[in-house]
2 protein chains.
Amino acid sequence: MSKQPKYRQVADALRREIVNGAFDSHRRLPSESELSARFDASRNTVRSGLALLVSEGLITSSQGLGYEVRSHEVFELNASRFENLEFPQNGDAYNTDVTNAGRRPHQSFRVEMLPAPADIAERLKIEEGSTTALRFCHRYVDDVPWSTQATYYPAWLIEERPRLAEPKDIEEGTTRYLAASGIEQVGYFDEIATRMPTPEEARLLEVGAGVPVLLWTRTGYSADRPIRCTITTFRGDLNRMNYEIGDLSARSETT
Amino acid sequence: MSKQPKYRQVADALRREIVNGAFDSHRRLPSESELSARFDASRNTVRSGLALLVSEGLITSSQGLGYEVRSHEVFELNASRFENLEFPQNGDAYNTDVTNAGRRPHQSFRVEMLPAPADIAERLKIEEGSTTALRFCHRYVDDVPWSTQATYYPAWLIEERPRLAEPKDIEEGTTRYLAASGIEQVGYFDEIATRMPTPEEARLLEVGAGVPVLLWTRTGYSADRPIRCTITTFRGDLNRMNYEIGDLSARSETT
DNA sequence: TGCATCAACTTGTTCCTACAAGTTGAGCAG
DNA sequence: CTGCTCAACTTGTAGGAACAAGTTGATGCA
């Protein structure tokens, strides 16, 4: 009658109940032993089924507490408005967006001088191994880890704009700082990818198993040459990226 | 000495060897019993460690064959060039891009008339439950499942452009078909998200555990109103999306 | 009342066994 | 030589047991 292995039947039954909302948002699931009795399966088998749901990102488990349904409240990032000088903002884009959403931003900075990795060198059109300044930024929203951001600047730019090498926030935003001193970012090339987090990323972003990360690589260009490359790693469960392209006057109209 | 549980030590050791390239691209890993002897751990413990690497997307397993390192050969999609009338193409964007990359495209179509789901209705600015035409497309590259695409057209558009309701490819591309008959897409709003696949998606895209999907939702607008909404589901391990924004004349120059 | 302790829960880790099921290559029958 | 069978590998599924470790609330002592 059922060709599916038992642990899958367990997972399928629980998944159906979860998506139908049988378990309140942050109430707990029945314990492993209860499920074991209900499905007439060993604890190991039930655990296999639960592990499947964890890896799908549907539930989380905590030792001593049990399993609970994960809630997703996504945060939208408008990538095409970022770094657009015409769009009014107070401070940098991250602070602006988070504050506008009624959340509380927090970030920690770190600056390193290091030789350019191959992929960065290629994007910045510089020699692999030549010096770059890496501004690394770990961002939180309401004290929940949100993203890590690594921006590489080529050496020639640092010499002209030494504030980029200081390990602190640039209040007006780096784009404006550069523009105000004559280096204008006139275009950018974005690459978006997804994968499962490395153990290091999982630690920094405090994500468990089953949550992919969104990788956003932006290479900014002046009229002459590449001026910086930013790699942002987002928690995939909490973020969505938007692009507005072309004439969208029909979008804002009320129907 | 080592506070980490043994199955994590196994996973960490193997991960290190994999990223250092100790195992050839598609050669197999040692079998579970070999690893069990090497790490002085039970087969179950070794399996837990291997399961971790599978969920990270590093390796795959096949019954009877063993474990092997997964290769990533990503396919780049230029999202900002899609549906741009100025950019010359033969046929639709998918066929063009895949053929240009020297790969062989294949796709199967299906058309359904169905009531609009809530999220689609909101994006198309129509009543929830009102009729829409869904053009569903399952795409392959070199016979590997690549993406599924669901495009919803509002009823008013189908009445004017009945070819959209026919279950076959429109050779010149839907964008050009619409433009040639007076409905021009002048802008679009893109949303990009990632998550683990549902069992249905995992089946269609033939992805195992540990591979997230990339969700791309594009709402196209004419000068007056939304004209369609496309939801594309990509295999995250095989695809990357690009956006070119602003003046990128500095990008194409040779250094 | 306030606080510490502990029993009773939870999941986490590790081992064991047994058998099912997919793959491959050796070897034998024709 | 061809083609089939089968033994010997591989991973997959299912059960068992025992103990570690985190959490919670009840109990009882000061």
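Letters A, B, ... are given to chains in the order of the sequence lines, protein chains preceding strands, and every chain is numbered from 1. Just so it is clear, the model here is predicted, and its values are computed rather than measured.
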If I take atom [atom1] in residue [X] and atom [atom2] in nucleotide [N], what distance separates them, rounded to the nearest angstrom?
X     : N      : atom1 : atom2 : result
B:Y67 : C:dG22 : OH    : P     : 16 Å
B:R8  : C:dG12 : CZ    : P     : 11 Å
A:N44 : C:dT17 : CG    : P     : 15 Å
B:E32 : C:dC15 : CD    : C1'   : 15 Å
B:Y7  : D:dA20 : OH    : P     : 18 Å
A:L50 : C:dG12 : CG    : P     : 9 Å
B:F39 : C:dT13 : CZ    : P     : 17 Å
A:I59 : C:dT11 : CD1   : P     : 10 Å

Selected nucleotide, minimal atom distance to [X] side chain, candidates [options]:
X     : options                : result
A:R47 : C:dT10, C:dT13, D:dT13 : C:dT13
A:T45 : D:dG15, D:dG12, C:dT11 : D:dG15
A:S42 : D:dG15, C:dG22, C:dC15 : D:dG15
B:L65 : C:dT24, D:dG15, D:dT10 : C:dT24
A:S61 : D:dT10, C:dG12, D:dG12 : C:dG12

Just checking B:S33: base, sugar-phosphate only, or nothing, at a heavy-atom cut-off of under 4.0 Å? sugar-phosphate

Return yes if some donor-acceptor pair links the side-chain N/O of [X] with the main-chain N/O of [Y] below 3.5 Å, else return no.
X      : Y      : answer
A:S48  : A:Y7   : no
B:Q107 : B:C137 : no
A:K6   : A:V46  : no
B:T194 : B:V213 : yes

If you restrict it to nitrogen or oxygen atoms, what contacts under 3.5 Å exist between nucleotides 3-7 of chain D and the protein, and what is each distance?
none

Under-3.5 Å donor-acceptor pair between A:R43 side chain and C:dG12 base: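 Between C:dG12 and A:R43, which were checked side chain against base, a qualifying N/O pair under 3.5 Å is present.
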
Please work out whether the ring planes of A:F234 and A:W216 are parallel, tilted or perpendicular, with thresholds of 30° and 60°. parallel

Side chains of A:Y67 and A:E32: donor-acceptor distance under 3.5 Å anywhere? yes

Between A:G64 and A:K6, which has a closest nucleotide on DNA chain D that is more 5'?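 With A:G64 and A:K6 compared, the 5'-side residue is A:K6.
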
Nearest-nucleotide 5' precedence on DNA chain D, A:Q63 against B:Q63: B:Q63

Between A:P30 and B:V46, name the one whose nearest nucleotide on DNA chain C is closer to the 5' end.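 Whichever sits nearer the 5' end wins; that is A:P30.
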
Under a 4.5 Å cut-off applied to non-hydrogen side-chain atoms, are A:S108 and A:R139 in contact? no

Test: B:R228 cationic atom under 6.0 Å from B:Y153 six-membered ring centre, within 45° of axis: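 No.
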
